[in-house]
Visitor: 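First the structure, then my questions, so here it is.
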Amino acid sequence: MPERPSIPIHPVASDDEWHIAGIMVFAHPANLERVRHAIDAMTGAEIHAVSDAGKLVVTVEAPTSQAIVAQLTCLHQLEGVISATLVYQHNEDAAAMYEELSDASHAP
């Protein structure tokens, strides 16, 4: 059997990509305010919606997928959090984050 060629995998420099993830956090309703304050204090995290039942829609942004995983782990470990579930993850070239997009829906 012929030897398989190796495929080198090199890590991407952190300034070459930007990662965005959507996370559903479920907290004990009694601890909801404490969890909200902890998430608000996290760099790159933003709360978009909250329910009285303890559900929070959160996005996190980071330069690497490893940083997204670290943020997800941090959310899991917050006191009062029952679960934190990754719903969506996307990455772009960092340069694309600064490109101006035209809005075709408002074209004359």
Side-chain angles (χ1 to χ4, degrees):
M1 180 173 239
E3 188 175 317
R4 298 176 93 187
S6 65
I7 301 172
I9 299 173
H10 301 286
V12 176
S14 64
D15 59 348
D16 290 342
E17 292 185 344
W18 195 251
H19 296 256
I20 301 169
I23 299 171
M24 184 68 178
V25 177
F26 186 46
H28 291 283
N31 295 9
L32 186 56
E33 283 307 307
R34 180 183 314 169
V35 170
R36 286 182 76 167
H37 289 298
I39 294 171
D40 283 338
M42 289 176 63
T43 300
E46 184 176 348
I47 299 170
H48 297 275
V50 179
S51 77
D52 291 337
K55 295 178 182 177
L56 299 97
V57 176
V58 178
T59 56
V60 294
E61 297 183 12
T64 65
S65 59
Q66 292 85 355
I68 293 290
V69 170
Q71 289 173 310
L72 181 58
T73 300
C74 181
L75 289 169
H76 271 287
Q77 295 174 345
L78 290 175
E79 185 178 339
V81 169
I82 298 167
S83 67
T85 305
L86 180 66
V87 177
Y88 175 80
Q89 193 274 336
H90 178 77
N91 69 291
E92 288 278 345
D93 292 335
M97 298 299 290
Y98 299 103
E99 289 179 9
E100 187 171 334
L101 301 176
S102 64
D103 188 352
S105 65
H106 291 94

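Computed from a prediction, not measured in an experiment: that's the story for all the values here. Residue numbers count from 1 along this sequence.
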Visitor: How far does CD of Glu46 sit from CD1 of Ile20, to the nearest 0.5 angstrom?
Guide: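 Answer for the CD-CD1 pair, Glu46 versus Ile20, is 11.0 Å.
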Visitor: Say you draw a straight line from CG of Leu56 to CD1 of Ile39; how long is it, rounded to the nearest 0.5 Å?
Guide: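 With rounding to 0.5 Å, CG (Leu56) is 5.0 Å from CD1 (Ile39).
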Visitor: On a heavy-atom basis, which atom in Gly80 and which in Val35 lie closest, and how many Å separate them?
Guide: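 Reported closest heavy-atom pair: C-CG2, 4.1 Å.
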Visitor: Verify the cluster assignment for Val69 and Leu86: are they in a single hydrophobic cluster under the rule of side-chain heavy atoms below 4.5 Å apart?
Guide: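 Shared cluster, no.
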Visitor: Would His19 and Glu61 count as a side chain to side chain donor-acceptor pair (under 3.5 Å) if you check the C-alpha gap in whole Å, the side-chain angles of each, and the deciding distance to 0.1 Å?
Guide: CA-CA 6 Å; His19 296 256; Glu61 297 183 12; over 6 Å; no
Visitor: Distance from Leu75 atom CG to Met24 atom CE, nearest 0.5 Å?
Guide: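 Leu75 CG to Met24 CE: 12.5 Å, rounded to 0.5 Å.
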Visitor: Let me confirm one number: the NZ-CG distance from Lys55 to Leu32, rounded to the nearest 0.5 Å.
Guide: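 CG of Leu32 is found 12.5 Å from NZ of Lys55.
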Visitor: Once side chain to side chain donor-acceptor pair (under 3.5 Å) is applied, do any residues pair with Glu79, and if so which ones, sequence neighbours excluded?
Guide: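 Glu79: side chain to side chain donor-acceptor pair (under 3.5 Å) contacts with Arg34.
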Visitor: What heavy-atom pair brings Leu72 and Ala84 nearest, and what distance separates the two atoms?
Guide: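 Taking Leu72 first and Ala84 second, the nearest heavy atoms are CD1-O, 3.7 Å.
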Visitor: Please give me the minimum heavy-atom distance between Gln71 and Thr43, naming the atom from each residue.
Guide: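 Minimum heavy-atom contact is NE2-O, 2.9 Å.
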Visitor: Kindly write out the residues that satisfy side chain to side chain donor-acceptor pair (under 3.5 Å) with Thr59, not counting sequence neighbours, or none if the list is empty.
Guide: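 In terms of side chain to side chain donor-acceptor pair (under 3.5 Å), with neighbours along the sequence ignored, Thr59 is linked to His48.
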Visitor: Can you find a pair of side-chain heavy atoms, one from His76 and one from Val81, that are under 4.5 Å apart?
Guide: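 His76 vs Val81: side chains apart.
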Visitor: Once rounded to the nearest 0.5 Å, what's the spacing between atom OG1 of Thr73 and atom CD of Gln66?
Guide: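 Reported to 0.5 Å precision, the distance equals 12.0 Å.
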Visitor: Taking all heavy atoms of Asp52 and all of Pro29, pick out the closest pair and write down the distance.
Guide: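 In this case the closest contact between Asp52 and Pro29 is O-CB, 3.8 Å.
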Visitor: Do Val50 and Met42 share a hydrophobic cluster (ILVMFWY, side-chain heavy atoms under 4.5 Å, transitive)?
Guide: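 Yes: a chain of side-chain contacts under 4.5 Å links Val50 to Met42.
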Visitor: About how many Å separate CD of Gln89 and CD1 of Ile23, when rounded to the nearest 0.5 Å?
Guide: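 Interatomic distance, Ile23 CD1 to Gln89 CD, rounded to 0.5 Å: 9.5 Å.
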Visitor: Can you hop from Val58 to Phe26 via hydrophobic side chains spaced under 4.5 Å?
Guide: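 Shared cluster, no.
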